[in-house]
There are 2 protein chains.
Amino acid sequence: MATHTSRGPYKTGVRRRAEIVAAASTVMARRGYAGASLRLIGEAVGMTPAGLLRHFGTKENLLIAVLDDWVEQTIRMRPPSSATGIGYFTRFVDLMRYHMLHPGLIELFLTLSAEASDPSHPARAWVTARHQRIVSEGVEQLRNAVTNGEIAPMSDRRMELEVRGLFAMMDGLELQWIADPRLDLAATFESLLEIVLRRWGATDAPQIGTPESAIGGEPDVPAAAVRA
Amino acid sequence: MATHTSRGPYKTGVRRRAEIVAAASTVMARRGYAGASLRLIGEAVGMTPAGLLRHFGTKENLLIAVLDDWVEQTIRMRPPSSATGIGYFTRFVDLMRYHMLHPGLIELFLTLSAEASDPSHPARAWVTARHQRIVSEGVEQLRNAVTNGEIAPMSDRRMELEVRGLFAMMDGLELQWIADPRLDLAATFESLLEIVLRRWGATDAPQIGTPESAIGGEPDVPAAAVRA
DNA sequence: GTCTATAAGAAGATAGAC
DNA sequence: GTCTATCTTCTTATAGAC
């Protein structure tokens with residue numbers, strides 16, 4: 001006991017736990033919650049199903065850990081209130097680029113969002129709450145943009161409509177992208193966001209040219225190379 | 001044999017088959033392909049798993065039958081080439097209203113679209129092919145709209161971008177709607193479509209007021225009542 | 001055409017050795 | 001902290017009675 005080099009008794013345990021969450025995240029993203037068995041996750045991290053349950057008790061607890069990790073990663077990538085007004089929205093281009101490098105994250109979110117149409121799905125409440133949170137967060141930032149004079153004024157109803165439309169477009173593009181990874185997700189979104197910002201009357205809309213093609217159809221334009 | 005009243009020997013068989021497909025469609029939409037066991041589907045239609053497999057042989061064959069039925073229902077609702085140019089896009093408002101009355105259809109499509117991010121998923125090829133088909137179909141109709149002088153000209157790349165953005169918005173709104181059915185899907189989409197058509201320079205964009213609120217928050221505005 | 005019975009395997013979860 | 005072994009239940013699928 002006195003000879004171990006780690007400073008805390010739980011140090012390796014914490015690391016192992018993180019490895020399990022990462023593996024579970026990947027497998028659940030690919031196969032869905034129901035399709036991701038503890039054996040499959042265990043194989044990915046080199047452990048038996050019993051070993052996993054020593055750490056998390058139940059499969060549902062593991063899902064919750066995966067969701068928490070997803071939130072943590074997203075926040076680390078895009079800290080809340082790091083940008084206000086229009087800057088809040090332009091930062092989503094970086095988020096899309098981040099997603100292209102970590103496909104599992106968005107696969108997981110979309111799979112759970114769709115699966116959770118079942119009211120008895122363990123992630124149902126989490127998904128619903130998250131949708132509500134990002135819409136109200138978006139409306140708040142759009143209001144900031146108006147207050148700061150970055151964009152033209154609009155009604156509250158119009159703001160909710162615009163925010164819902166923008167977030168819907170992001171999710172829908174991600175859905176197209178996981179069906180065909182040749183789609184340049186970040187570039188496509190960047191072009192569409194520019195159109196939206198221009199329509200809102202943003203004066204500092206980023207100057208971005210229309211990408212060569214949304215799909216890299218020609219073999220000499222390997223858009224898929226951007227992925228990890 | 002000579003006494004039965006049905007005209008063909010397979011009449012009841014065909015009806016039963018249709019009932020199974022309908023039940024399987026509902027259960028798969030709610031639980032995903034992996035989560036929808038033959039036992040669960042059998043209970044929904046009053047049959048044992050063995051009975052189901054008498055009709056379809058394997059679970060995967062049943063999924064194929066469900067996908068074919070999905071296509072058939074969608075086509076019946078919105079016949080191909082029934083509207084060209086801008087009319088093609090405005091008809092999507094009707095499609096959204098239809099989806100609100102038949103939630104299972106869109107739940108199934110979204111669940112499978114997300115699940116099928118796994119390359120080994122049996123519906124992977126079907127989902128990918130469908131995404132490609134509707135994008136090229138949309139671009140074709142947008143081109144028609146330009147040719148007919150309904151909207152301002154735009155480049156081929158821009159057309160693909162606009163179509164991808166519009167379809168992404170539709171899928172994303174549907175994702176928001178299954179997470180919170182209080183959202184008035186058709187009205188929200190109608191308002192957003194009007195904005196897009198106006199931007200395209202459509203002269204006959206439908207005159208629709210912004211809905212009272214995208215979410216019927218007040219108890220006296222039961223937006224959910226529109227559902228079946 | 002649907003059933004019961006059953007196979008062969010995988011699922012989540014528990015007990016206890018080391 | 002991870003293992004093996006085991007339990008119970010559930011999975012898809014087959015065989016054969018009615």
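Chain A is the first sequence line, chain B the second, and so forth, proteins listed ahead of strands; every chain is numbered from 1. Computed from a predicted model, the values in this text were never measured in an experiment.
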Atom-to-atom span, [atom1] of [X] to [atom2] of [N] - whole angstrom:
X: A:Glu43; N: D:dC3; atom1: CD; atom2: P; result: 12 Å
X: B:Ile20; N: C:dC3; atom1: CD1; atom2: C1'; result: 14 Å
X: B:Met47; N: C:dC3; atom1: CE; atom2: C1'; result: 11 Å
X: B:Leu63; N: D:dT12; atom1: CG; atom2: P; result: 12 Å
X: A:Leu52; N: D:dT2; atom1: CG; atom2: P; result: 9 Å
X: A:Phe56; N: D:dG1; atom1: CZ; atom2: P; result: 13 Å

Within 45 degrees of the ring normal and closer than 6.0 Å to the centroid, is that where the cationic atom of B:Arg130 sits relative to B:Phe109?
yes
What string of B, S and - do you get for nucleotides 6-18 of chain C 5' to 3' if you count protein non-hydrogen atoms under 4.0 Å?
-----BBBB-B--
Verify whether the ring centers belonging to A:Phe167 and A:Phe92 lie closer than 6.0 Å.
yes
Do side-chain atoms of A:Gln141 reach the backbone of A:Gly85 as a donor and acceptor pair under 3.5 angstrom?
yes
Looking at B:Tyr33, is its backbone amide N or carbonyl O close enough to the side chain of B:Glu115 to form a donor-acceptor pair, meaning the two atoms are under 3.5 Å apart?
yes
Any pair counted as salt bridge (Lys or Arg N to Asp or Glu O under 4.0 Å), so long as it reaches residues 116-127 of chain B, sequence neighbours left out:
A:Arg31-B:Asp118
On the nucleotide D:dG1, are OP1 or OP2 found under 4.0 Å from the side-chain N or O atoms that A:Arg16 carries?
no
Determine, for A:Glu19 against A:Arg16, whether the closest basic-nitrogen to carboxylate-oxygen distance falls under 4.0 angstrom.
yes
